[in-house]
Protein chains: 2
Amino acid sequence: MGHCHKWGQKFIDFGFRLTAARECIFEILLKTDAHLSAEDIYMAIHKINPAIGLTTIYRTLELLEQNGIVRKFEFGHGRAKYELNEEYEGKKHHHHLICEKCHKIVDYSEFVKEEKEYIKKAENGLEKKYGFSIKDHLIDFYGICPDCKKE
Amino acid sequence: MGHCHKWGQKFIDFGFRLTAARECIFEILLKTDAHLSAEDIYMAIHKINPAIGLTTIYRTLELLEQNGIVRKFEFGHGRAKYELNEEYEGKKHHHHLICEKCHKIVDYSEFVKEEKEYIKKAENGLEKKYGFSIKDHLIDFYGICPDCKKE
DNA sequence: TTAATAATGAAAATGGTTTTCATTTTCGTT
DNA sequence: AACGAAAATGAAAACCATTTTCATTATTAA
């Protein structure tokens with residue numbers, strides 16, 4: 001369990017406690033390919049351990065986010081979605097393709113080379129010009145998915 | 001008033017009515033450089049015409065968004081922000097630089113050439129591979145602004 | 001074992017946004 | 001100018017994801 005050990009250790013190093021609820025939430029995020037909302041995680045966890053409440057999910061997700069273990073996405077249709085940070089996931093660096101009709105989210109990992117070039121240039125330039133220390137970026141594409149085009 | 005005419009005509013063409021409230025909301029969006037929330041607009045409009053309610057602001061913004069006249073951004077700190085679409089604004093194509101501490105938003109228009117190349121490649125590829133019709137994209141950078149770095 | 005501290009669940013509160021509904025405004029037609 | 005259908009509106013209530021409160025339980029270090 002290389003993954004678990006790594007994240008668990010990090011969690012303890014940060015000064016937090018590695019509780020059953022927290023491990024469970026991490027596991028759920030690790031096992032899924034989807035972009036889960038707090039409630040999605042609550043549903044999943046409820047089957048395993050019905051004692052864990054929604055509040056704990058929210059609190060854990062916030063903690064994980066603040067420590068760079070998960071990323072929170074607000075795609076803008078009610079609920080926020082959470083994803084394990086790439087460094088904790090098997091997944092490659094990816095971005096999102098979002099259907100404006102059905103709100104489906106597709107991950108893609110193409111054009112990383114081209115993206116990296118552009119991002120590097122932009123980051124350096126922006127750091128210089130605006131004095132920001134840039135930590136992260138977000139790239140999303142919006143459109144209509146094949147299923148919705150049919151209708 | 002080239003701007004106004006253009007948007008007003010479009011609005012009527014869509015089959016909507018060009019009311020005082022709607023014109024006023026458009027004007028406020030046109031005059032500002034900031035990213036306004038529904039409540040920001042409400043505050044601004046209240047000085048001009050106190051009869052206009054917050055509900056109308058929300059309804060108008062939704063209408064404008066659905067017809068491609070404004071863009072809605074959910075940067076993820078409570079309230080959504082609205083911006084006039086570039087085609088209605090004097091502004092250049094731009095993206096956002098967001099401070100993770102104070103949530104300040106800086107617009108930037110640099111690296112458009114590099115961006116365009118990358119976007120074009122990505123869009124074409126993604127349309128082919130995933131069958132999406134891509135309509136739009138979002139690029140944001142996150143970091144710490146100069147002011148927040150001082151502390 | 002024992003304090004001190006952190007984590008938790010349930011319930012209540014929060015707050016931006018949406019819905020409801022009764023009223024008013026607009027616009028094409030007389 | 002007046003009429004009637006459809007659209008737009010404001011106020012208040014409802015919504016609903018998320019946060020906060022608070023009393024209880026679990027964990028850790030001594």
Side-chain angles (χ1 to χ4, degrees), chain A residues 7-28 35-67 69-83 103, chain B residues 7-26 28 35-67 69-82 103:
Chain A
W7 99 273
Q9 196 51 55
K10 189 166 179 181
F11 210 76
I12 289 162
D13 290 346
F14 281 141
F16 305 120
R17 292 174 182 175
L18 198 50
T19 65
R22 287 167 175 184
E23 284 193 282
C24 205
I25 291 165
F26 185 87
E27 286 299 319
I28 287 167
H35 307 81
L36 301 180
S37 67
E39 194 149 352
D40 292 334
I41 296 170
Y42 179 67
M43 298 304 201
I45 222 168
H46 205 261
K47 291 177 202 155
I48 303 163
N49 184 348
I52 297 169
L54 187 54
T55 311
T56 297
I57 314 282
Y58 275 108
R59 277 191 285 229
T60 302
L61 287 171
E62 195 193 350
L63 204 60
L64 291 169
E65 194 208 352
Q66 284 175 349
N67 291 285
I69 297 169
V70 315
R71 290 192 73 181
K72 179 180 185 180
F73 293 92
E74 316 225 6
F75 292 116
H77 307 106
R79 18 171 88 74
K81 308 287 192 86
Y82 299 84
E83 252 184 59
H103 305 155
Chain B
W7 99 273
Q9 196 50 56
K10 189 166 179 181
F11 210 75
I12 289 163
D13 291 347
F14 282 142
F16 305 120
R17 292 175 183 175
L18 198 50
T19 64
R22 286 165 176 186
E23 284 194 282
C24 205
I25 290 166
F26 185 87
I28 287 167
H35 308 79
L36 302 180
S37 66
E39 194 151 352
D40 292 334
I41 296 171
Y42 178 66
M43 299 304 201
I45 221 168
H46 204 261
K47 290 176 203 156
I48 303 163
N49 183 347
I52 298 169
L54 186 54
T55 311
T56 297
I57 315 281
Y58 276 108
R59 278 191 284 228
T60 301
L61 288 170
E62 196 192 350
L63 205 59
L64 291 170
E65 194 209 351
Q66 285 175 350
N67 291 284
I69 297 168
V70 315
R71 289 192 71 181
K72 180 180 184 181
F73 294 93
E74 316 225 8
F75 292 118
H77 307 104
R79 18 172 88 74
K81 307 288 192 85
Y82 299 84
H103 306 155

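The basis for the numbers below is simple: all heavy atoms, side chains too, and nothing from hydrogens, waters or symmetry mates. So you know, we letter chains A, B, ... as the sequences are listed, proteins then strands, and number each from 1. Not measured: the values here are computed from a predicted model.
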Assign R79(B) to base, sugar-phosphate, or nothing according to its heavy-atom contacts below 4.0 angstrom with the strands shown. sugar-phosphate
When you measure from the side chain of Y58(A), which nucleotide among dA17(D), dG16(C), dT5(C) comes out closest? dA17(D)
Could you state the atom-to-atom distance from CG of L54(B) to P of dA13(D) in whole Å? 16 Å
Rounded interatomic separation in angstrom, taking CZ from R22(B) and P from dT25(C): 15 Å
Proximity to the side chain of R17(A) - top-ranked nucleotide from dA8(D), dT8(C), dT5(C): dT5(C)
Whole-Å distance, L18(A) CG to dA26(D) P, equals 17 Å
Are any non-hydrogen side-chain atoms of R59(B) and L63(B) less than 4.5 angstrom apart? no
Got a second to check how far E65(A)'s CD is from R71(A)'s CZ, nearest 0.5 Å? 9.5 Å
Roughly, in whole Å, what's the span from CD in E39(B) to C1' in dG15(C)? 10 Å
Distance (rounded to the nearest 0.5 Å) between I52(B) CD1 and I41(B) CD1: 11.5 Å
Expressed as a whole number of angstroms, how long is the span from K72(B):NZ to dT17(C):P? 7 Å
Validation row: L18(A), W7(A) side chains within 4.5 angstrom (heavy atoms): yes
Find the distance I12(B):CD1 to dA7(D):P and express it as a whole number of Å. 15 Å
With heavy atoms under 4.0 Å as the rule, sort T55(A) into base, sugar-phosphate or nothing. base
Nearest whole Å is fine: how far is dT9(D) P from L63(B) CG? 9 Å
Report the nucleotide, chosen from dT8(C), dT25(C), dT18(D), that has the shortest atom-to-atom distance to any side-chain atom of R59(A). dT8(C)
Could you say whether A80(B) or T19(B) is positioned toward the 5' end of DNA chain C, judged by the nucleotide with the nearest heavy atom to each? A80(B)
Any non-hydrogen side-chain atom of N49(B) less than 4.5 Å from a side-chain atom of C24(B)? no
Between P on dT8(C) and CD on E62(A), what's the gap in Å once rounded to a whole number? 13 Å
